[in-house]
Structure formats: structure tokens, C-alpha cells
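Here is the structure we will look at.
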Amino acid sequence: MKAPLLMRAASALAALTLATSAAAATSDFGSCGSALRSSATAQGIPAERFDQLFADVTPDLSVLPLLNAQPEFTTPIWDYLAALVDSQRVNDGRSRLAQHRALLEQISAQYGVDPATVVAVWGVESDYGRVFGKRPLLQSLATLSCNGRRQPFFKGELLALLKLINSGDLNPAGLTGSWAGAFGHTQFMPSTYARIAVDGDADGRRDLVASIPDALASTANYLKQSGWRTGQPWGVEVRIPAGFNAALAGRTKRKPLADWRALGITLVDGAPLRAQAIADDANAALLLPAGAKGPALLVFRNYDAIYSYNAAESYALAIATLADRLRGGSGLSAAWPTDDPGLGRDERRQLQTLLLARGHPIGTADGMVGNATRRAIQVEQQRLGWKDADGRAGTRILQALRDAKPASPTAFSLPANHTQLVQSPILRSNVSMKDVQGLSTGDFNGFTAWKVETPFSTAAISVFGGQLLSFVPKGGQDVMWLSPSAKQPPTPIRGGSPVCWPYFSRQGQSNDVPSHGFVRTVSWELRDARREADGTLVLTLAPPPLDSLTLRLQMVLRIGRTLEQELITENTGSQPVSFTQALHNYFNVSDALKVDVTGLDGLTYLDKLDNGNAHVQQGDWNLRDPRDPGRSDRIYTQAGGHYVLRDPGFKRAIDITTTGSRTAVVWNAGEAAAAKMDDIGTGWRNYVCVEAGNVGPDVIELAPRGRHTLKQTFEVKPL
């Protein structure tokens, strides 16, 4: 009996809808997409589930060049190991060993792999869970399944990933990894995950993304399955004799230790090779990762187990040597055959800080060397006259920039239009207030200001000087202190966050120019304002152009849950210009005598109350310092950029982070000096200045067309 016509029509419509959905899910991948869908359904993935997962997946062809550019094979080994076995990774790894001691001991007892090796894999693969990879896994694997030279391999990995998602082991939402599909704390490929992963926390799932116990136990299981021998070393550093035949080296060219001993190989300290003192392995292979003039190593079966994790010599050596460092070792004894060794992250951050100080727009000093940093290095190498201007971040360029003669501040002349600008009260704005919700103009404590209201905070910025006057988190007290007796323009406003630019104090300047720069006593212009989706407001302001000054300044304020402030300086001229600067923050405190500032311990400071002599900060800063109690005027050089102002009276901590700032200035006039200042007076106990800047010896030298950004962020937290 036939179904009624209406039912047949509905069935046909449903079939058409499913077909249309399937076509839409894989249309961007063409016939390959349809084939992937068929393969997935043939292996038990419901068609509806496949279509749901691929509804928004499109090809990402940017992964294809990476097939032939893996760093394990393209980076000099001394650079590769310097980046992966640096002091930060060693210190972090030792912390993880202590933090997860009980878990790691349990894993070691179960799988026979020592804790240091497991943690070393974790450190190299994801920096202990900090870096999982940013590429959507389904997108990368689908792209590589349909393009490039290893399509069958990546198709198998894609299908394995779909099975893991379908089984409930993995949550597909936000699932990211490397360009090749490795993911999780210890970066398993999906097929390896399916075969090797274990449930380390006994919750019924194998989740190497969200579960550290699962990830570490699975890593130990992988090494065990790869032939790890409990209690045996991965290898030992050795010394080869002069004239040694380097052709005998290679991971697969194994010989008994007696044979290597007969060829003149000894331990690195010259002691003879003895099997009982090294390993139970009958055979060993000799590695010369940088040729006969670099370190030499004899490696055993455990090295092969590590190598199997990612078949690259430099990768295996990174894990092996990191594990040795985590056990307390000092690393390889022999030097690499180069006069320009690679840099760890601390040194890379130092290099980037020096590049930022020269006006290179490379972002922040995060220790990650990208294209912008490499371009900046290349410019500096060319400036130094190097023929090999390759943009490489090595010891040579770092030392060259360290040794460069410190810049002296440019002696600026008073711009011809400065007096006219100081006397002009004009409110300049390219923005219609009515077009930006939460933005208005009006009076704030007697000053004409742009006023900001967001769901998270309020703020006020003076037109005169472009000066932040107030930032009040919702339900809290003002972060900034504004003097109740602050003078009206053209006198600089006492309080808030004055912009000192292009020089701080009178550094390098004659008495013919005003102290602390030109822009704090002129009316600024609001150039742009926009409201973000959550209600945060972003304002772009600038002072008017100053005659004969090739430097241009722009300020960006982002006001929301936090306050972010950027000073962006550009050199529009044809000659380098050196300048100093500061955001002269007056923070509102309950009692200046009772607050502390962390983040300065151990730094060298120049004490302006002691004729600029240098001292070293001992502990947190406060006005209770017995060396000079009740007052402070200190310039901390080479500062770290993270400080916390702890205020027990207001029961809050103001977290201050800076980038592009090598100096912190901490100032309070103290009772005696404040009594002589009629815009401070008894108010000296209500503020502490913690200033982000580049002052004293930390001078910025900005190349022609160079750009420098000083940024500070305030976040208020409960104490």
C-alpha cells in the first residue's frame, strides 16, 4: 500500500533538505569534501553529526606552505635548543615537577617512565599547557586531506579525530591545535590519541585537552609503548678524538660500547666508556648534531623512544636535554660551532626591548620572534654595516645593541606656535558626542573634559593637556587623585595622569622650555571614538601639531573593565630624534604612609633626593623606608613593567602593567616639600605617583619613520 501523497511529499522534502545540508557542509572542499563525508559515515560517524561539525568549516590554504617548513628541519640546532631549553622552561618545569609530584610518581610507577622525561615532553610540546596551537583542527585537517602531498595521511587523522569527537572523548567547541593536527597538553595526533591515550584521572573519558592527568599518563604510555626502558638513560655526552670519521655517526649506526671505546671515544671529561657505569644497552649510536666540531653524544634505546614522538633529531635532543636540566643537570658541556649562539626567551625579550627603544613597531617584548621582530633586526644589522643582514635573533645582534652608545635626549626648541596654543581654549573634536553612547563633554571638577560612562566604569579626560583626570570602576573609588586646589589653565593640572612629552622634567633641556614637555599645557583634539560590543569606549586623542617638531604624538584610551592608555610617538622627519616621556600617574590612596608597591625589589634606582646617586631597592617600595622616610623621588631603570599598589585602607590593589616603558618613577613630595606647593599642601598623604616612562638613562632613539608605543594598563582588584 502506498503512503499518502502528503507523506510522500514530506519524505521527499526531508531527503532534499538532508542532501542540501550535506552539500552545504562540504561544498567549499568540492568533490573531496563529499568523499570525506562518505568515508566518515562508512566508519560509523552519523551523517547528521558530520554535517553539524562541518557546517562552518572552510579550507585554510595557509597551512600548505608549512608542510615543507617545519622548524625541526629548518632552524639551526643551537637556535632550536636555545629557544626550547631556556632558563624559563627549566624553572617552570621544576615547578611543575613539584606541583604534580604525587601524580607523576604514580604515573612513573605504572608506566616506568621517570617524571622529568614526562614533564620535558609537556614543556616542549605546549610550554606546560600554555600553547595548544591556534588553528581549528577540523579546518586544518580537512584542508590537508584535500590538498598537498600527504593527503591520505591527513585524511586518516581527520577520520580519527571525528571518531574521538563522536565517542565523547573530546568536545569539538573551540578545538584547536597545530597546523598539522597535533593538539592537547602533549600534542598527540588524533590517530595516536585513539591508540595510546589513557584515562589518567579515571573520569571515564580520555581528554588530553582539559585533563593534565590524562595528558601526562598518556605521554608515559606512549614512551612505554615505544620501547622505553625503566631506569636507563637516553644517552651520554662524549668526546671524539681528532680526525674522527664523522661518517660513522647516525642514529641507526649502532655499535657496542667496546667498539666506540676502541675508536677513541671517551666520556666528555675524558674518562673511559664503561657499560656498567652508563647503561645496560649492548649497542649505542653516535650523534654529531652539528658536525665533528660540536657536541657529541652516544644515545641508547630510550633516545629512540623519545625520537619516535616526533621524528626529528633536534626535537628529540630538546626533550632529552630539558629532562636532564629538570633533574638538576647543567646541560651540554661542549659549545656549538658558532660565534652567534641562539637566544632563550629572556634574552629575546631583552632584544625586543632594545628594538622597541629604537622605535621599531614590533608590538610587545614577549620573547616570540615573528616577522616584525626579524624585519627590525635586519634594519639594525644594516645600520651596523653587517653584510649578513638576515634578521636572525642571535647573541651577536643582542650584544651589539647592548653595547651601542646610549642616546642623549634631543635638546628641543620652544615651538613657535606653542604660546598661541597654550592661550587657546578651543575645544576640538572630530566626533559628534551624540553619535557615541556613553560619551559627552562637560565640567569635571572645574575643568572642561570628555566624560565617559561604560557598564564597568566612568572616566574623565581633560581637554587641556589631554590628561586623564578620573577612572572609577563600577562600585569603587576613583583610581586617580586630583588635587582639590588644582590650578586652572594655563597652569598644568596637579593630579590625574599628566602627559610628559617629548621630554621628562628638564632632562637635556634648557630653561627656555617648560618643564615636562610641551603637550600638557595645550588643548587636545578628540580624533576618534567608538563603542565596543560590551560597552567599552575607545578614544583617540592628539595634541595639535607643534611647529618645527618632527615628532607626532597620539594617545589611545580604552576604558572599560580596565583602563588602557597608549602614547604613540612617530618620527616624521629624516633624522633620528631622541626623547624621554612619562605618564605621570597620581594614584588615589587612603594614606600614602600605609601603602606599598610591589614589583620593584632588586631594581637599581636613581634617587633625585640624593643627587641622583644609584641604590638598589630592598623589598617593596613604601614611604616607611628607613633610608629616606616620608618622601620619595626615585627613577627605577630597566624596570620590569608590572607593579601592584597595595592599599589596605581602601582594601584594594591597583595592578599596573606597562609595555614600551623601561623606567618606573615613584614620587611623593613628602610633608615638608608639599607644604610649599599650594596645589598639594596637606594632600600629600592622599596620592602616590607610580609613573610609566622612559627617562633618566632610558632614552628612546627614534629612527626616521620610526614609531614607539608606551602602554599602561590599570586593573583594580580586591585586597
Side-chain angles (χ1 to χ4, degrees), residues 92 95 99 128-130 364-366 438 452-461 467-482 495-497 532-539 556-567 582-603 617 619-625 632 634 636 639-661 663-668 685-693 710-719:
D92 288 350
S95 295
Q99 179 184 0
Y128 310 108
R130 295 189 183 99
T364 60
D366 58 6
V452 170
E453 185 172 354
T454 80
F456 320 107
S457 58
T458 62
I461 303 95
Q467 187 165 329
L468 176 70
L469 300 177
S470 171
F471 172 61
V472 185
K474 188 174 183 178
Q477 301 194 54
D478 208 322
V479 171
M480 313 310 297
W481 176 79
L482 180 62
S497 183
E532 298 183 340
D534 67 352
T536 295
L537 280 182
V538 181
L539 310 182
V556 178
L557 283 164
R558 188 173 186 275
I559 302 159
R561 289 184 174 87
T562 63
L563 183 132
E564 298 176 8
Q565 186 173 15
E566 292 181 313
L567 286 186
L583 288 167
H584 196 325
N585 307 306
Y586 288 78
F587 289 107
N588 180 33
V589 298
S590 60
D591 186 343
L593 292 174
K594 297 181 179 178
V595 302
D596 298 271
V597 177
T598 69
L600 301 168
D601 182 34
L603 294 181
Q617 178 69 35
D620 298 338
W621 174 93
N622 56 61
L623 288 179
R624 306 180 298 280
D625 191 329
S632 181
R634 301 180 179 184
Y636 293 85
H642 183 205
Y643 326 105
V644 179
L645 175 57
R646 298 170 58 84
D647 188 339
F650 283 162
K651 297 181 180 179
R652 73 180 182 187
I654 303 173
D655 192 279
I656 307 158
T657 56
T658 70
T659 58
S661 165
T663 318
V665 180
V666 184
W667 176 67
N668 183 288
R685 292 186 70 159
N686 301 125
Y687 79 87
V688 166
C689 286
V690 182
E691 307 170 36
L710 183 156
K711 180 179 179 180
Q712 65 178 8
T713 303
F714 306 153
E715 182 177 5
V716 178
K717 301 177 180 179
L719 192 60

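The figures here come from the full heavy-atom set of this structure, side chains too, leaving out hydrogens, waters and symmetry mates.
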Problem - Whether D478 side chain and F471 backbone form a donor-acceptor pair below 3.5 Å - result: yes
Practice task
Please state whether the rings of Y687 and Y586 are parallel, tilted or perpendicular, taking 30° and 60° as the class boundaries.
Solution key: tilted
Exercise for the section: Look only at the side chain of T458 and the backbone of V452, and say whether a donor-acceptor pair between them is shorter than 3.5 Å. Expected result: no
Problem - Heavy-atom side-chain proximity of P455 to K474 below 4.5 angstrom - result: no
Handout entry: Heavy-atom donor-acceptor pair, R652 side chain to G476 backbone, under 3.5 Å
Key = no
Handout entry: Side chain to side chain, V538 and E564, heavy atoms closer than 4.5 Å
Key = no
Handout entry: Q617 side-chain N/O to G619 backbone N/O, donor-acceptor pair under 3.5 Å
Key = yes
Practice task
Ignoring hydrogens and angles, tell me if any N or O in the side chain of S661 forms a donor-acceptor pair with the backbone of G693 under 3.5 Å.
Solution key: yes
Practice task
State which residues pass side chain to side chain donor-acceptor pair (under 3.5 Å) with D620; sequence neighbours excluded, sorted by chain then number.
Solution key: none
Handout entry: G495 to Q467 - nearest heavy-atom pair and separation
Key = O-NE2, 2.6 Å
Handout entry: Any D534 side-chain heavy atom under 4.5 Å of R561 side chain
Key = yes
Problem - Expected output: side-chain Y643 to main-chain G641 donor-acceptor under 3.5 Å - result: yes
Exercise for the section: Would you check if the side chain of D655 reaches a backbone N or O of K717 as a donor-acceptor pair within less than 3.5 Å? Expected result: no
Exercise for the section: Check whether any side-chain N or O of Q712 sits under 3.5 Å from a backbone N or O of E691 as a donor-acceptor pair, and report yes or no. Expected result: no
Practice task
Quick one: closest heavy-atom pair of D647 and S590, and the distance?
Solution key: OD1-OG, 2.6 Å
Handout entry: Minimum-distance pair of heavy atoms, taken over all atoms of L537 and T454
Key = N-CG2, 4.1 Å
Practice task
Mind listing the closest non-hydrogen atom pair of R624 and L593 along with its distance?
Solution key: NH1-O, 2.9 Å
Problem - Donor + acceptor pair across side chains of N668, S632 (<3.5 Å) - result: no
Practice task
Taking N585 for its side chain and F587 for its backbone only, find out whether a donor-acceptor pair lies under 3.5 Å.
Solution key: no
Practice task
Kindly indicate whether the side chain of L563, heavy atoms from C-beta on, has any atom under 4.5 Å from the side chain of L468.
Solution key: yes
